[in-house]
Amino acid sequence: MDLTLVARQAVTPDGIRPVSVGVRDGRIAAVEPFETPPPSEFARWLNDDEVLLPGLVDTHVHVNDPGRAEWEGFDTATRAAARGGVTTIVDMPLNSLPPTVDLAALEVKRKAAEGRVHVDVGFWGGAVPGNLPSLRPLHDAGVFGFKCFLLDSGVPEFPPLTHFELADALRELREFDGLMIVHAEDAEVIDAAPPSCGRRYRDFLASRPRRAENEAIKAVIALARRTGARAHILHLSSADALPLIAEAKADGLPITAETCPHYLCFTAEDIPDGATQFKCCPPIREDANRDALWQGLADGVIDLVVSDHSPCTVDLKRLDTGDFGHAWGGVASLQLGLPAVWTEARRRGFDLTRVIDWMAVKPAALAGFARKGRIAVGMDADLTVFAPDQPFTVDAQELAHRNPVTPYHGRDLHGVVRTTWLRGRDVVDGPFGTLLTRGDA
Ligand SMILES: [Zn+2]
């Protein structure tokens, strides 16, 4: 073995157990009961307060590089991921320039990432009006699926699909069992809502009503039903949509859904006016909605929790004026997802096995990563040492992502990531992340 880790507690597919994990050539070569004495010279014993976890998989990250690298870049984003125990990310196709909507753009993106990534990185493609002929080539080139919007995305170079265009794209994806991931807010509902302007969070919330999500999700489910294509609901915030998703799943439709740490940790009631670091779309909603989202996770209606890390520069957040109408929407949190979700989960009686299911196992399954997200023989040796009971206070200046803005600043959390290995190597010695392609990960 190149490395043997001995842990009194490890989150494995069989629950939390004492194990020794042997690593050879970057893969997990053995998972033995703790009693098996490991060869002492190569063994690293975890402390009593530490739990060995599989590296987390975050399938919703906006790196913005190239083109808007001053917002976030491959070096900083993947450093933040590594320090947060996330060993695999999948990059969103928009906010970078060009957006990843054809083969040439995918090449540009790969060149920007090559040799600069501290964790493994895969790419989503984009589905926009007019790029239907590019979907198959992007799929063949190894993207993990396609993102689309049903309303203005916030950037002009990534326009939304109409329902007709979405139906066409789903039919095309059905041909090669591709996955569509959808920003599900309805344009008409948003247009009819009062516009967002000013410092009051209540006004911003009213500008993105739950009904916008509910209607869009209804439409996505109906089109998935009609076309047979796989569809995934991104960043679910409206708990009102949970029965729709539950019903679609009960009908056997290939529908999955994710939510994000900020919808599970924060509540609209507690967001101060002018605090645009909390602005994201769909928005953070009321406390009762948050409880319902946790119930959705408990019931398995929501499959996974991923960050939707979507940073920008400090000035674009308009922290000076606090105007929600003008601030960029997006929460920066890649490094904090695990402690944020864990802090809230433990309070609600969930154990780390569930958290790892939501943040490693299920995201790996969504993207189709065969060797990620679990501590088991044959998997990549992506491993994290986590001290779940250690408290800390978030300081935005100490985080590794590019611009020191996050709504978690000043928040007291539990759980510190102490060491992370990527394919058996300590990430602090990196960057040695690789670029992943579908079918080969
Ligand atoms: Zn996003």
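Order of appearance sets the numbers: ligands from 1, and atoms from 1 within every ligand. Computed from a predicted structure; not experimentally measured.
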N/O donor-acceptor pair under 3.5 Å between His118 side chain and Gly430 backbone: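 No: the side chain of His118 does not pair with the backbone of Gly430.
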
Among the N/O/S atoms of Asp308, which is closest to the Zn ion (ligand 1)? Give the atom name.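 Going by distance to the Zn ion (ligand 1), the closest N, O or S atom in Asp308 is OD1.
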
For residues Leu297 and Phe350, determine if any side-chain heavy atom of one lies less than 4.5 Å from a side-chain heavy atom of the other.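 No, too far: nothing below the 4.5 Å cut-off.
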
Heteroatom test (N, O or S) for His235 near the Zn ion (ligand 1), limit 2.8 Å: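 It does not: His235 brings no N, O or S atom closer than 2.8 Å to the Zn ion (ligand 1).
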
Is the distance between the Zn ion (ligand 1) and the nearest N/O/S atom of His62 smaller than 2.8 Å?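 Of the N, O and S atoms in His62, at least one lies under 2.8 Å from the Zn ion (ligand 1), which means yes.
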
Scan side-chain atoms only and decide if Ser237 and Arg285 contain a donor-acceptor pair under the 3.5 Å cut-off.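 A donor-acceptor contact under 3.5 Å links the two side chains.
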
Arg347 with Glu344: basic N within carboxylate O range, under 4.0 Å: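 So Arg347 pairs with Glu344 through a salt bridge.
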
